Amino acid sequence: MPKKSYRQAINEAIAQEMRRDPTVIIMGEDVAGGFGGSGEQDAYGGVFGVTKGLLGQFGAERVIDTPITEAGFVGAAAGAAATGLRPVVELMFVDFVGVCFDQIYNQAAKFRYMFGGKVKTPMVLRSMVGAGFRGAAQHSQFLAPIFTSVPGLKVVMPSNAYDAKGLLIQAIRDDDPVIFLEHKFLYDTEADVPDEPYTIKFGEAAFTREGDDLTIVAFSRMVQMANQAADVLAKEGVSSDVIDPRTSSPLDIAAIVESVERTGRLVIVDESTPRCSLAADVAALVADRAFHALKAPIKTVTAPHTPVPFAPTLEDAYIPSAEKVEAAARAVLASSARAAAE
Amino acid sequence: MPKKSYRQAINEAIAQEMRRDPTVIIMGEDVAGGFGGSGEQDAYGGVFGVTKGLLGQFGAERVIDTPITEAGFVGAAAGAAATGLRPVVELMFVDFVGVCFDQIYNQAAKFRYMFGGKVKTPMVLRSMVGAGFRGAAQHSQFLAPIFTSVPGLKVVMPSNAYDAKGLLIQAIRDDDPVIFLEHKFLYDTEADVPDEPYTIKFGEAAFTREGDDLTIVAFSRMVQMANQAADVLAKEGVSSDVIDPRTSSPLDIAAIVESVERTGRLVIVDESTPRCSLAADVAALVADRAFHALKAPIKTVTAPHTPVPFAPTLEDAYIPSAEKVEAAARAVLASSARAAAE
Amino acid sequence: MQLSREQLIEAYRRMRRIRDFEERVQAEFSNGRIPGFCHLYAGQEASGVGICMNLTDDDYISSTHRGHGHCIAKDCSIEGMMLEIFAREGGLCRGKGGSMHIADYSKGMLGANAIVGGNPPIVVGAALSAKTLKNGRVAVSFAGDGAANQGTTFEAMNLAVVLKLPAIFVIENNGYGEGTGVAYHVGAKGADGKPDLAGRARGMGMPAVNVDGADFFAVYEAMREATERARAGGGPSAIVTECLRFYGHFVGDPQLYRSKEELADVRANRDPLKIFRARVSEARLLDEAQLDAVDAEVAREVDAAVRTAEAAPFPDVRELETDVYVSYV
Amino acid sequence: MQLSREQLIEAYRRMRRIRDFEERVQAEFSNGRIPGFCHLYAGQEASGVGICMNLTDDDYISSTHRGHGHCIAKDCSIEGMMLEIFAREGGLCRGKGGSMHIADYSKGMLGANAIVGGNPPIVVGAALSAKTLKNGRVAVSFAGDGAANQGTTFEAMNLAVVLKLPAIFVIENNGYGEGTGVAYHVGAKGADGKPDLAGRARGMGMPAVNVDGADFFAVYEAMREATERARAGGGPSAIVTECLRFYGHFVGDPQLYRSKEELADVRANRDPLKIFRARVSEARLLDEAQLDAVDAEVAREVDAAVRTAEAAPFPDVRELETDVYVSYV
Ligand SMILES: Cc1ncc(C[n+]2csc(CCOP(=O)(O)OP(=O)(O)O)c2C)c(N)n1
Ligand SMILES: Cc1ncc(C[n+]2csc(CCOP(=O)(O)OP(=O)(O)O)c2C)c(N)n1
Ligand SMILES: [Mg+2]
Ligand SMILES: [Mg+2]
């Protein structure tokens, strides 16, 4: 199977869906880039080149550069979705959601319910998440919990190129508003990605490692850290399930509960800040639904309760690392051993 | 001590602080109401009359009606706070936060950290939360988790008139940005409220009931439901701690852990929708820090994962009720009894 | 004026429907039969109807918290609306939306909106659909003078100009946003010292006119031009309709911010129905008997709607968790 | 023109500092010594300095992602800035902010801002402080042509007009928001067919002028008037400075959206420093030797700043969790 980057996988998913369905359009700031300038028209293709080439393939009626007015164009995407298009709208960095959040959570997410089930709003909002690029406090946040908390939204966060393509095609075909969170650190990671279109169902977790001693749940880029930690532990004879839920809403809680019932131990890795995080969310569900299987405290590994700092020394300490996952896992293992010995 | 309503307590707190400190101002839509009209100038005093009379006492330079531009005036409050004022700014319904969230979470909340600790932003954002008024999907949300997740914000949610006054005075004197969430259902509830100014420290939970069999943590209006449930259970010989954290950030997790270590059983009541909620947050902390004391699953009682419906039949079912708290408590008690019997 | 007799009667019918509907809602609300909040459109009938008489069911409108009048102007079923406002299962939103969220997509009514300034971007999206799908539709955003200050309104206007969309921005200047007067809350003033909302829209790069919002014919004519321009690919326009509400901001509002004189003047001299009747009678376009017949017919309709609503069941509690998603695991 | 020789030299010094600083940042960034993103102000010097030469340390400015020039124009320490951009402990934000978040409240510099359109409301707040505290200060918002489309910009303008605040909105029209040209993204066009940002601001109810942003004197003069008006209680103004950036949107931007001709023309004919030198020499206000001396002095300063920054320590990891709050339990 051909190796493709996460970036390519996303571009291919959009291109294939645009080819298949004439109602799919893309819009956002510099998704082409160069309109109204003195040079080329597809100059950017998105700030990280994800949508490069789509303008040439589909033209300016379907690849729409917008002014810097996120509330305006995200709201327009919602309105367009409710009236017959399938817009894939780009919010460049997820940090910018504060200027257009109303159109997402009060409008797009609630149309269907408020209007008695008589409307659908098939839009996809693509946005970049995550720290590590020295982008500082307003260009590095994860923010997935905020979207996950909103009834009416689906929230997707692929951890690899293969999932990115399949989940994005699903998102575009899906009849509900979908928030599609691309981790900027993953754009250059590669995986085997089929050329044909394919979909991955929402709410179905992937197991990236399998084992019986420990369950590690990790989201988005954190799956890498979880895998690394699991591999280290495996060498010492501790085998782990590493579960990538892939979508936080809907969440495959059944898979997580099933795993914890086997392992009795849970660590959750989440790049969010800790309060009301995805990690807390999963922990709470498990502390209710799989309590009797638990042999040890549930440990979460998250960013600290701070904005994202600029300095590399600080930012590196901000991001959950494989070492921290490992330490949390060891703490859980030790605690259950102590409890068993008592 | 004089009986005062939650509404009066808030009004009094603001008035007393404005009298004490000339840098305190209030601003928002119709906080006076009537500017530019043909009739009276203090016509509203806020849509629920909370700030009524302040215009007469402090004049239009300190009681500022704004156009309907929340991003503009909430951002202005942040800018004013960073340059010498102590603005108390009103976001009429918390549901409107989507149009001004950037100014709250990327600006006010992050100034201090981004600027290396060299700035303070002593602003208070007052806003109304909660369901029950048949206000439907865009006038009834709770949304406290979203604020709680933001590093740099403090989040306060008084459950009664006494706390409202003390917490608001603390909020106004506090040097950090504070989100002050007033439950619209509580405005007419009364308590003994001293005439003198007083403060209540953030991060100190109140115990509204004390007992050894069960811990119930409840936020804002939900404290009423928790108390009712606890009283019913008490008649059957089950005694409960009911803990009102009063502030979700900072959170008095020590008090909660201490209680659970005694009772071994925890129910959390939160008007938020369930995903990434305050309830989940507390459950996760306890599942980590007091795991070994737990005798049963942690149960949460929240709103469902839906927008707030309009119809009374539906909205009444949406809001966590004392009956649901009681049911959750009974489930926890039964589960621990089963476990003990095994 | 190209309006036929039938169209004139239809225009009058919709205006009368709005008036009767709102007065009845006011009465029923005051009797405690309607939950929540209601914001009445009475007094502004000529604005909504003057606009919507230029539209078909395929065209789009989107409205505000003060949405009943726009729904009726766009020919939504008043029975469906009344059921909704009474929070009944058979309502246009099956009781889940209520007064501030009535929508009827079969009539191109994309929804009332309880977020001030929430709807202009949505209308831009509907106009984008129309342009992309080349179906010749136009999309109309109704917003108040207060909403005109929201950033979203400006963003939507600029976006519509940049993309040359068939969008029409109707700003209903009824003098107040809640209790705050437009003379205070809109900084831009015209040569006459009055708030200049049309000038502001013109500044955004689109044609904009000010019309008497109590005069159906003035509104209709301004909208006719704007609609023609939009359908011909000429891009967006703005229309500021100057009108006044008969009632308070919400039902129950004591309106302390308005003088007694203002309130008396509104009813005496700014009643769109009276003005319409005078105009069509003078010009001998319709006779009094025809208009009276409409009045009687509408009174029956509204009455029937209330009776239906009162008798209808509330949504079953099992509806609480339905229709959040089209599908969800 | 009331500028003294000393002021002229100071103006030139700040412009030269900006130019040298930015060219050095460009070089150091390209060498991999600076983390993150940098957006350079080179080419726009006359705009920032023409504005800020009208201000004292007590007055406020707030800036954008392209903030280095504004900081220097407001006399922030270039050493403190360089340390910050190099992410060092001794930086103006102690290494926590970086290029996009430099602030120095002791100089009235309220912060760069990485949210486009984030700062205008904040400036309104600073102006409100000035008015409330009656300290005679003014507050200046710098924003780009792209930012001028954000709803927050319009909201801030209206608010400043309504409250009659001493706020000045400087819109630096450098022709692009990232890769998108202003001719496309601003719908409003003037009689000459060009984007009319000043007209839009005027529509909001404040005086607004267009000036050549490569001409220090034109900017200075426009700002002098605006500042006088603001200090005299005359309310807000807008100034649109037409300028061009020498570099790409960010360091590393290949600028495909700009033609070779445009880029050549910018450096040849739109260099604010060349224009300034020509003007002051022609008018015999300053002689070449004085200017050359400034050049040499600034070159040393910038060099020293880089050397200090390179030698300075990064923040200790214990700093990660400090200064989130003033106090927290
Ligand atoms: C974002 C937002 N801010 C504030 C409100 C509260 N509110 C509801 S209606 C209203 C006044 C709106 O005034 P206008 O736009 O003139 O419409 P009108 O009520 O006069 O029809 C306000 C402030 C809201 N619903 N949404
Ligand atoms: C809210 C928001 N949207 C988008 C961006 C991404 N972005 C950063 S700079 C920029 C262009 C800004 O253009 P302009 O205001 O003209 O300033 P210039 O870069 O030309 O100085 C964009 C789109 C952002 N930082 N914030
Ligand atoms: Mg109005
Ligand atoms: Mg620009």
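Keep in mind the model is a prediction, meaning the values are calculated, not measured. Residue numbering restarts at 1 for every chain, and letters A, B, ... go by the order of the sequence lines.
Interface remark: of the candidates G36(B), G39(B), A43(B), S38(B), S38(B) forms the most heavy-atom pairs closer than 4.5 Å to chain C. When the candidates R94(C), H185(C), K96(C) are compared by the number of heavy-atom contacts under 4.5 Å with chain B, K96(C) comes out ahead. Interface remark: of the candidates G97(C), C93(C), G118(C), A183(C), G97(C) forms the most heavy-atom pairs closer than 4.5 Å to chain B. Per-residue heavy-atom pair counts under 4.5 Å with chain B were compared for A87(C), G179(C), G95(C), and the maximum is reached by G179(C).
F185(B) and H183(B) have perpendicular rings, their planes meeting at more than 60° on a 0 to 90° scale where under 30° would count as parallel. The aromatic rings of Y41(C) and H70(C) stand perpendicular to each other, their planes meeting at an angle above 60°, with 30° marking the opposite boundary.
Aromatic ring centroids of H249(C) and H65(C) lie under 6.0 Å apart.
For E70(B) and Q150(C), the side-chain atoms include at least one donor-acceptor pair closer than 3.5 Å. With no hydrogens or angles considered, no side-chain donor-acceptor pair links H39(C) and S99(C) at under 3.5 Å.
If you measure heavy-atom distances from V317(C) to chain B, the contacts under 4.5 Å come from both the backbone and the side chain. Looking at D323(C), there are no atoms closer than 4.5 Å to chain B (heavy atoms on both sides), in backbone or side chain. For A71(B), no part lies under 4.5 angstrom from a heavy atom of chain C. Contact of Y44(B) with chain C is made through the side chain alone, with heavy-atom distances under 4.5 Å.
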